[in-house]
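Data block below; observations after.
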Amino acid sequence: MFDSEFERSLFDLRRAKLAEIEKLGQPAYPNQFSASHTLPQVREQWDGAAAEQLEANRVTVIVAGRIMAIRAQGKAGFATLQQGGQRLQIYVRLDAVGDQGFALYKLLDLGDHIGVSGYLFRTRTGELTVHVETLTFLAKAMLALPEKFHGLADVELRYRQRYVDLFTNLDSREVFVKRAKVLKAMRRFFDERGYLEVETPMMQQIAGGAAARPFVTHHNALDQDLFLRIAPELYLKRLVVGGFDRVYEINRNFRNEGVSTQHNPEFTMLEFYQAYANYHDLMDLTEELIAFVAREVNGTTITNFPIPKGPRAGEIVEIDLGKWQRLTMREAIVKWWWTEAGNPPMIEEFSSSVSFSRIVQQLYNVCKREQQAVGADLDRRPPYSQDVERRSLTVPAAALSLTLRQLASHGDSVLGQSIATVFEIVAEEHLIQPTIIYEFPTAVSPLSKQKPDDPEWVERFEFYIGGFEVGNAFSELNDPVEQHKRFEQQLTAREHGDDEAHQMDEDYVRALAYGLPPTGGEGIGIDRLVMLLTGSKSIRDVILFPLMRSREQKSEIGNQESDAK
RNA sequence: GAGCUCGUAGCUCAGUAGGUAGAGCAACGCCCUUUUAAGGCGUGGGUCCUGGGUUCGAAUCCCAGCGAGCUCACCA
């Protein structure tokens, strides 16, 4: 518990002060305090009250809070209490609180919790202040608070000791208040539209519904391995089969992958399903939902957001969550086609691996030329921010080169994957303003329904904001025979080394065999949406306790107990 | 998994032509009855992330490790 001798001796000192406080007749750890107002209530009600008004009609309040600043001044003194994210100053003077009360005041430290009763007034400088008449000790801070002006700035400490971050950095607290509002707004949105909120298994025997590697755990009594879910999708659709036409679930998914400013191994996802709807209905619903949540949380659809990745990383852009554009994946590739690569591809060229190879080759040639122009030593890719002009071509070059080889050896079976790769390379960085990208290759969408007129493409869309994907939706594949076939294709991919390929789920296919009505379903990354709405540049800033590598624990408090006697 | 950057007092940070460490806040003592990053006088507090190496001498230079941030890869 203690990081140093400094902390250990401070702890001892505070214990001694606690003993002194008890001698004054105040319990060291009282178990209750009845306040008349919270600090936010006091501020709301009397922030506008003038000094004369408070003098004429004396207002007595009983409030509690944590001491965030304390300034003793001889036989009087001030302190600033904090509660509910707000602050209120108190004024303590010997002739008002008496010897015992003032003795207690002198034993108080930064971080202590106290209760006071007294009347409101304004100081010379006009600050609303409680003129204290009685002081009640509530709990002691046994450790030193961070520096009062800068707060806790070390990001590692802010994540590991979030409890300190939350009361020292009120901006941090505000993010999580907003996060709660996001969840509340979403529930309201779906509840009002007749969706049923449900909870499906987090521990699953087959981790399905997404392409990702799962965490494995074990049930002792059943002696059976289980997976933490990577998505609730397959269970939610079973519920639609069961007759719950509209369901949603907001809960954690777990994916055994790296961490980044947009990824945490456990993250919160909203998934919802609506019978008799298709992906076009969901596009409308998505635009409505995001704008609704933005207005509920921020009062506006405008948000200022620091772009977290890509060539414009760090740039703060104004995003209007009420204004959307829609493009097919193929249209997006054409729209953001590199001008250096010549004329953009024609739609027909996406339909065979031979013609698509030529498209990929054109992009790859640009990378080669640029690399040669910059210099042959460009094996290592310069950071985006230092070389925006060059479009930082080594990584795209590597991906494009791999794609070319795959197309050459596997032909049409990797066409879908290749198109998705090209989309990410040319288009993703441009998707700052809300954009729906629809029509995905069937090969990368094992759970989506094909377009009636073109079985190589599915009725699926993803939406992008701020340069990253926020949600994913599709018309659900409800043909059990086709679903079984898609699972088998995934198994083949798995055998070829794709350990993120979907597993076979026979029971899910059986559920479909009972008849899933035409259904649209969608998943939205809540953490990312919260980032957008709070202007946070890292997902860790919107997760209370992000995953951190474990650290050695130091001496325990129990040891200190015995030492202190 | 890779690259770049960082790690000095409880906190926020100084300190490189290599000479065994400083400031502010916090703490402790004293003064001060309208202050607010209160003020004044005084005091204590550091395995300079860890382990090696170079050197007469390392917070500083080199190597390895640990932790973190960022960028990238993977994904939502």
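In what follows, every heavy atom counts, from backbone to side chain, and hydrogens, waters and symmetry copies are set aside. Chain letters run A, B, ... following the sequence lines, proteins first and then strands; every chain starts at 1.
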Would you measure the distance from the [atom1] atom in [N] across to the matching atom in [M] and give it in whole Å?
N	M	atom1	answer
U8(B)	U50(B)	P	10 Å
A14(B)	G39(B)	C1'	25 Å
G42(B)	U54(B)	C1'	44 Å
C11(B)	A37(B)	C1'	14 Å
C48(B)	G18(B)	C1'	15 Å
A23(B)	C41(B)	P	14 Å
A68(B)	G57(B)	C1'	32 Å
G3(B)	A76(B)	C1'	25 Å

From the options [options], select the nucleotide whose nearest atom is closest to the side chain of [X].
X	options	result
S4(A)	U33(B), U12(B), G10(B)	G10(B)
R93(A)	U35(B), A76(B), U34(B)	U34(B)
R528(A)	G69(B), U35(B), A76(B)	A76(B)
R255(A)	U35(B), A76(B), A37(B)	A76(B)
I539(A)	G69(B), U12(B), A76(B)	A76(B)
F6(A)	U34(B), C11(B), A26(B)	A26(B)
F78(A)	U33(B), U35(B), A37(B)	U35(B)
A76(A)	U33(B), C28(B), U12(B)	U33(B)
D109(A)	A27(B), A73(B), G24(B)	A27(B)

Exercise. Taking any strand in view, what nucleotide pairs with A64(B) in a Watson-Crick or G-U wobble way, both distances under 3.5 Å?
Worked result: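 A64(B) is paired with U50(B).
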Exercise. Which base, if any, makes a Watson-Crick or G-U wobble pair with G29(B), both distances under 3.5 Å?
Worked result: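 C41(B) is the nucleotide pairing with G29(B).
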Looking across every strand, which nucleic acid part, if any, lies under 4.0 Å from [X] by heavy atom: base, sugar-phosphate, or nothing?
X	value
A212(A)	nothing
F121(A)	base
T261(A)	sugar-phosphate
K17(A)	sugar-phosphate
T168(A)	nothing
N256(A)	nothing
G525(A)	nothing
R14(A)	sugar-phosphate
E127(A)	base
G151(A)	sugar-phosphate
D154(A)	sugar-phosphate
E5(A)	nothing

For this session: Would you tell me whether Q89(A) and Y91(A) have side-chain atoms, one donor and one acceptor, within less than 3.5 Å of each other?
Result: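 No, no side-chain donor-acceptor pair sits under 3.5 Å.
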For this session: Before accepting this row, confirm whether a basic side-chain N of the pair E20(A)/K17(A) lies closer than 4.0 Å to the acidic partner's carboxylate O.
Result: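 Looking at K17(A) together with E20(A), the answer is no, because their closest N to O distance does not fall below 4.0 Å.
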Exercise. Do E287(A) and I436(A) pass the side-chain contact (heavy atoms from CB on, under 4.5 Å) test, and can you show the C-alpha distance, the side-chain angles, and the key distance before you say yes or no?
Worked result: CA-CA 9 Å; E287(A) 295 185 3; I436(A) 285 172; 3.7 Å; yes
Exercise. At their closest point, which heavy atom of A212(A) faces which heavy atom of R255(A), and how far apart are they?
Worked result: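 Heavy atoms of A212(A) and R255(A) come nearest at CB-CD, 3.5 Å.
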Problem set entry | Shortest non-hydrogen contact from L170(A) toward L166(A) |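 In terms of heavy atoms, the two residues are closest at CD2-O, 4.1 Å.
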Exercise. For T268(A), which of I543(A), V542(A), D527(A) qualifies under side-chain contact (heavy atoms from CB on, under 4.5 Å)?
Worked result: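 Only match with T268(A) under side-chain contact (heavy atoms from CB on, under 4.5 Å): D527(A).
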Check whether any side-chain N or O of [X] sits under 3.5 Å from a backbone N or O of [Y] as a donor-acceptor pair, and report yes or no.
X	Y	value
R213(A)	E257(A)	no
E476(A)	G521(A)	yes
S475(A)	Y279(A)	yes

For atom [atom1] of [X] and atom [atom2] of [N], their distance in whole Å:
X	N	atom1	atom2	result
L157(A)	C13(B)	CG	P	11 Å
H150(A)	A26(B)	NE2	P	13 Å
L532(A)	A76(B)	CG	P	17 Å
L10(A)	G29(B)	CG	P	12 Å
R71(A)	A26(B)	CZ	P	11 Å
D99(A)	U33(B)	CG	P	15 Å
I67(A)	A37(B)	CD1	C1'	18 Å
L107(A)	A27(B)	CG	P	13 Å

Problem set entry | 5'-most by nearest nucleotide on RNA chain B - A72(A) or L145(A) |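 Final value for this comparison: L145(A).
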For this session: By nearest nucleotide on RNA chain B, pick out whichever of R124(A) and L13(A) is the more 5' one.
Result: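 With R124(A) and L13(A) compared, the 5'-side residue is L13(A).
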For this session: Could you tell me whether the side chain of Q73(A) has a donor or acceptor atom within less than 3.5 Å of a complementary atom in the base of U34(B)?
Result: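 There is none.
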